[in-house]
Amino acid sequence: MPYPFQITSYDQYKETYKHSVEQPDEFWGGVAENFTWRKKWDKVLEWDFRKPDIKWFINGKLNITENCLDRHLAQAGDRPALIWEPNSKEEAHRVITYKELHTSVCTFAQVLKNNGVKKGDRVCLYMGMVPELPIAMLACARIGAIHSVIFGGFSAQSISDRLQDAQAEFIITGDGAYRGGKDIPLKSTIDDALVSCPFVKKVIVYLRTHTPISMIKGRDVWWDDEIKKVTAHGNISTEAEEMDAEDPLFILYTSGSTGKPKGVVHTSAGYMVYTTYTFVNIFQYQPGDVHFCTADIGWITGHTYIVYSVLCAGGTSLMYEGLPTWPDAGRMWDIVDKHKVNILYTAPTAIRSLMAYGLAPLEGKDLSSLKILGTVGEPINEEAWHWYDVHIGKKRCPIVDTWWQTETGATLISNLAGVTPAKPSYATLPLPGIQPVLVDEQGKEITGNDVSGNLCIRFPWPSIIRTTYGDHERCRTNYFATYDNMYFTGDGCYRDENGFYRITGRVDDVLNVSGHRIGTAEVENAINMHTGVLESAVVGYPHDLKGQGIYAYVIMEADPEDAKLTQSDILQTVTRVIGPIARPDKIQFVKGLPKTRSGKIMRRILRKIAEGEINNLGDTSTLLDPGIVNEIKEGRI
Ligand code: PRX
């Protein structure tokens with residue numbers, strides 16, 4: 001068996017789980033033995049959730065890129081590490097072997113050094129889905145710089161907020177990115193963001209779309225020119241910086257229930273060990289399998305299951321530049337057929353949108369290479385689950401439903417493909433080392449089965465969030481203060497009669513739109529910036545394709561003369577402030593909002609109205625102005 005820590009039977013899972021809970025140090029120490037260390041750890045774990053202060057593999061020294069690349073060169077140097085499928089069917093795909101990836105990473109690491117990037121510096125990556133994105137991430141990790149990837153759909157304002165928070169002095173971007181029928185103007189958006197970020201010293205630009213852009217003298221340089229300066233002296237093998245186990249590896253911003261996005265910090269060793277452990281076990285990965293995760297690398301799923309875990313396991317990761325429905329609804333199946341994909345990992349929202357096209361796009365596509373299917377990012381409805389099972393997996397591919405979060409680094413609850421039981425719409429059982437707890441509003445543990453509650457985790461795992469960048473207190477209050485001595489996930493959860501877990505959705509003011517997390521407060525702040533807006537309240541409602549849609553109730557200073565025009569202007573403002581993913585699906589102009597006497601908006605009522613449950617609004621007697629509810633009900637869209 002290629003991976004000594006791969007679990008291959010349900011009984012073995014049960015034994016392993018028991019061991020991991022009873023002897024966590026021994027268990028994780030054993031898993032960590034399978035990696036390359038410059039120096040082994042002195043102690044496996046020290047933790048205190050109340051601070052929080054969590055350290056794994058204490059005093060261990062390593063570089064994650066030696067685990068992703070160098071250690072595979074002797075045995076598997078010619079194996080494909082990355083297969084890249086371009087947006088256009090006309091363009092040739094690229095296959096990058098471990099040797100080639102190693103060379104590219106070393107070369108670009110030298111480019112970073114030449115441009116003044118040092119260990120500990122923050123480097124922002126705002127790129128499309130091209131191989132140069134993982135190359136840049138790994139090059140940062142190679143020299144100990146901390147990367148922060150920003151999804152290509154975020155606006156200049158969002159980028160600027162993140163750059164300032166991370167104090168990132170270096171940026172790697174492209175002239176543009178291809179995504180479906182659109183060219184995304186990356187560099188010009190960066191230029192807009194940098195107006196308010198004078199501390200940025202260098203912008204390295206990768207040429208992809210040949211979009212006309214401006215290059216600022218002294219600040220902006222071309223990727224290719226910088227590479228040539230390095231390779232002019234022959235091939236380079238930039239030595240990996242020795243990192244402490246707890247040195248930060250990356251920052252990834254994510255939305256919470258309040259204010260601005262938080263910079264979730266993950267560290268080197270714990271992230272490496274846990275992500276690889278979950279990848280090999282959940283997907284039952286075998287060397288040579290082609291793993292296709294359809295996420296964008298701008299989100300945690302891409303970081304973990306396109307780049308780091310797959311490469312640490314010596315696997316082959318397929319990345320796709322475009323959209324699943326471009327140029328037609330058969331593209332995903334073309335890719336599976338063309339590259340003989342073995343593992344397909346995607347989001348319920350993508351499955352639902354492909355389902356809507358019927359079966360015609362599947363005709364003539366050979367999907368027989370598929371062995372395992374996976375979903376992530378949001379609860380999957382049973383209809384989508386069965387469609388995936390019957391029409392894509394042909395009832396012979398186990399489906400894994402992986403529940404996790406940006407903060408968890410990798411999957412915490414999932415079945416192991418073909419090894420532990422699957423149950424439609426259930427993430428099922430915790431991975432070894434994961435101790436889920438359901439609690440009531442007061443934080444009292446709810447024991448037994450066939451119960452629902454708020455999902456917490458009572459013991460650390462190696463890739464747990466360490467801090468929120470620049471503001472540790474925010475990390476504490478967000479995740480570790482709601483319930484004493486536990487990590488609070490923000491999700492509601494049901495545990496069935498057999499102890500299987502089903503995630504029911506967020507219990508805080510966070511929306512999940514097409515598998516993307518968006519804070520209602522963020523959207524409200526953006527709407528409130530629009531001229532003439534007095535106040536707004538944003539809630540989610542069930543949406544057939546996106547899982548959740550965004551419903552905004554907006555109070556204007558004066559009745560808009562042209563409601564449609566004002567609505568589209570507000571949408572434009574939200575796009576400018578956050579990005580198109582945060583655009584409300586519905587905007588209802590209202591005269592007031594249902595508030596308690598202390599001024600708190602009763603979102604429960606707004607949620608029900610948005611969901612269409614207008615006859616069952618519960619007690620409204622505590623409202624300052626109960627009459628407003630009828631008005632809002634009547635104006636419902
Ligand atoms: O509500 C849960 C939902 O997505 C949230 C995490 O979002 P994010 O940090 O953006 O990471 C998404 C990819 C890991 C969770 O709090 N979620 C994620 N996976 C599932 C899920 N809900 C139900 N089932 C899942 N498998």
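Along the sequence shown, the residues carry numbers beginning at 1. Counting starts at 1 for both ligands and their atoms, in listed order. This one's a predicted model, so the numbers in the text were calculated from it and none came from an experiment.
- For residues 422-457, no pair satisfies ring-ring contact (aromatic ring centres under 6.0 Å, His included), with sequence neighbours left out.
- Residues satisfying the salt bridge (Lys or Arg N to Asp or Glu O under 4.0 Å) test with Asp389, not counting sequence neighbours, are Lys395.
- When the shell of 6.0 Å around CD of Glu441 is examined, it contains 12 or fewer heavy atoms from other residues, nucleotides or ligands.
- Using modelled atom types, one finds no donor on one side chain facing an acceptor on the other under 3.5 Å when comparing Thr468 with Tyr479.
- Applying the side-chain hydrogen bond (donor to acceptor under 3.5 Å, both in side chains) test to residues at least two apart or on different chains, the pairs with a partner in residues 302-311 are His147-Tyr308, Tyr271-Thr304, Thr278-Tyr305, Tyr305-Thr411.
- Protein residues lining ligand 1, listed by chain and number: Ile300, Thr301, Val376, Gly377, Glu378, Pro379, Asp401, Thr402, Trp403, Trp404, Gln405, Thr406, Asp491, Ile503, Arg506, Asn512, Arg517 [non-hydrogen atoms, distance under 4.0 Å].
- Here the options are Asn415, Asp496, Thr428, the test is side-chain hydrogen bond (donor to acceptor under 3.5 Å, both in side chains), and the partner is Lys423; only Asp496 passes.
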